[in-house]
Number of protein chains: 2
Amino acid sequence: MAQGQNRSEHTHGLLFLTDEQLRKGIEAMFFAYRGFTADPDRILAEKSYGRAHHRALHFIQRSPGTTVNNLLSTLGVTKQSLNRVLRTLICDGLVLNEVGTKDKRQRHLSLTDAGRELEQALSNAQRDRMRTAYRQAGAEAVYGFCTVLEAMMDPELKKHYDQLTGGDIV
Amino acid sequence: MAQGQNRSEHTHGLLFLTDEQLRKGIEAMFFAYRGFTADPDRILAEKSYGRAHHRALHFIQRSPGTTVNNLLSTLGVTKQSLNRVLRTLICDGLVLNEVGTKDKRQRHLSLTDAGRELEQALSNAQRDRMRTAYRQAGAEAVYGFCTVLEAMMDPELKKHYDQLTGGDIV
DNA sequence: ATAATATGTCAGTGTTGTTGACATTCCAAG
DNA sequence: CTTGGAATGTCAACAACACTGACATATTAT
């Protein structure tokens with residue numbers, strides 16, 4: 001089968017890649033990322049929130065009780081930038097900010113019911129497109145998709161990714 | 001939560017996808033895109049350009065002589081936003097702006113030698129990471145990577161993508 | 001006691017996107 | 001030939017979201 005041929009190239013350790021092939025991958029990333037954010041963006045625009053709010057909600061949902069510092073290094077932004085977003089989310093009653101019990105300097109972040117509701121709406125929109133794309137492409141393609149994306153990450157960000165996803169494949 | 005899923009489900013034509021699996025793909029996209037733009041961003045920062053300049057240079061290089069309108073719909077931004085970027089690139093002598101011969105309303109955009117030089121530097125940085133990731137992941141994974149990304153695009157953007165890449169695989 | 005850590009906040013700046021309004025140039029249809 | 005519309009350029013104002021730098025406040029660690 002064709003797969004065997006492809007794999008044999010891989011076992012030789014040398015994948016012949018033209019600039020055209022690489023350029024195509026670059027453009028695929030560009031166009032796909034637009035689609036990736038399009039659906040949540042529409043919901044966010046209604047509530048006059050932005051992508052930064054979505055990201056904060058997502059990672060707080062993913063790690064309830066996380067600290068500000070941890071969220072900072074996951075998102076890779078400055079505390080001033082994150083603070084602007086967090087302040088509005090806390091004021092709007094979407095995020096809870098609780099003083100740590102062990103270390104009272106820390107603030108533990110979690111979602112309120114309203115926060116969970118919005119996060120769900122955003123995630124559902126994004127997952128719907130993801131699910132459709134996955135089904136259209138097939139399981140093997142999905143496996144390859146994640147493998148390449150993981151290989152593209154900066155090591156520092158890969159750590160956060162592995163920590164969140166548990167390190168297992170797809 | 002269910003952990004019994006494997007590729008065999010693909011043969012059934014129905015991919016069973018948990019929210020966890022989809023969430024993982026979403027996070028992979030987020031973290032990978034950061035890596036995807038990191039290297040060009042460093043070069044751009046030195047020259048006090050931004051990502052928008054990179055995108056303009058890329059697509060002008062890709063379709064020399066393209067019109068402003070075509071570039072607009074490829075990039076998916078307003079003409080005012082693009083114009084700000086184009087103006088600096090033209091003033092800095094990186095982009096040529098020539099009145100159309102057939103239709104003199106149109107402006108045909110192309111890169112100067114200096115423009116090509118910067119575009120090459122940016123593209124090389126981005127392709128290097130892409131190449132490394134491709135080699136690390138293998139040919140099959142690359143095929144799947146592109147397949148899923150293509151399935152994620154909005155139909156309108158997919159047209160531009162197909163037009164640029166010629167529609168052939170990887 | 002002092003230093004370091006975790007967090008919050010203020011002020012300023014830059015890039016990149018948005019709308020809205022308006023001028024110019026030019027093609028094409030009446 | 002006039003008129004409508006398309007393609008382009010530009011001005012102004014504004015918002016989101018990133019940055020830096022400086023400073024304040026608890027709290028913990030040494």
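By convention in this document, chain letters (A, B, ...) are assigned in the order of the sequence lines, proteins followed by strands, and residues within each chain are numbered from 1. Keep in mind that this is a model prediction, so the values were computed, not measured.
Note: CG (A/D41) to C1' (C/dG17) measures 12 Å, nearest angstrom. If you measure from atom NE2 of B/H54 to atom P of C/dT16, you get 12 Å, rounded to the nearest angstrom. For the pair B/L71 CG and D/dA7 C1', the computed distance is 14 Å after rounding to whole Å. Rounded to whole Å, atom P of C/dT18 lies 22 Å from atom OH of A/Y49. Distance, B/I90 CD1 to D/dT8 P: 12 Å, rounded to whole Å. Counting to the nearest Å, the P atom of D/dA16 and the CD atom of A/E46 are 15 Å from each other. Residue A/Q106 contributes atom CD, which lies 10 Å from atom C1' of C/dT7 at whole-angstrom precision. Separating the CZ atom of A/R51 from the C1' atom of D/dA15 is a distance of 14 Å, rounded to the nearest angstrom.
At the heavy-atom level, A/H108 lies nowhere under 4.0 Å from the strands shown. Using a 4.0 Å heavy-atom cutoff across all strands shown, A/N97 reaches sugar-phosphate atoms only and no base atom. Looking at heavy-atom distances under 4.0 Å, B/R84 makes contact with a base.
Along DNA chain D, the nucleotide nearest to A/G50 and the one nearest to A/K102 differ in position, and the one closer to the 5' end is contacted by A/G50. Toward the 5′ end of DNA chain C lies the nearest nucleotide of A/R105, the other residue of the pair A/L86 and A/R105 mapping further downstream. The residue among A/R107 and B/N83 whose nearest nucleotide of DNA chain D lies closer to the 5′ end is B/N83.
Salt-bridge check for B/E20 with A/R62: passed, with a basic side-chain N closer than 4.0 Å to an acidic carboxylate O. Classification of B/D154 and A/R34 as a salt-bridged pair fails, no side-chain N sitting under 4.0 Å from a carboxylate O.
Among the nucleotides D/dC17, D/dT27, C/dA21, the one closest to the side chain of B/K79 is C/dA21. Considering only side-chain atoms of B/R55, the nucleotide from C/dT16, D/dA18, C/dT5 that sits closest is C/dT16. Proximity note for B/D103 (side chain, C-beta onward) versus C/dC26, C/dG8, C/dT15: the nearest is C/dC26. Listed nucleotides: C/dT9, D/dC19, C/dC27. Nearest to the side chain of A/R87: C/dT9. Side-chain proximity of B/Q80 to the nucleotides D/dT8, D/dT10, C/dC10 is greatest for D/dT10. Closest contact between the side chain of A/K104 and the listed nucleotides C/dC27, D/dC17, D/dT28 involves D/dT28. You'll find that the side chain of B/A52 is closest to C/dT16, out of C/dT16, D/dA7, C/dC27.
Within the structure, a side-chain polar atom (N or O) of B/H53 is placed less than 4.0 Å from OP1 or OP2 of C/dT16. Proximity of A/T78 to the phosphate of D/dC19: a side-chain N or O atom is located under 4.0 Å from OP1 or OP2.
Contact of the A/R135 side chain with the B/L17 side chain is registered, since non-hydrogen atoms from C-beta on lie closer than 4.5 Å.
For B/Q61 and A/R23, the side-chain atoms include at least one donor-acceptor pair closer than 3.5 Å. Side-chain atoms of A/T67 and A/R107 form no donor-acceptor pair, as typed in the model, at a separation below 3.5 Å.
Aromatic rings from A/F59 and A/Y161 are positioned such that their centres are separated by 6.0 Å or more.
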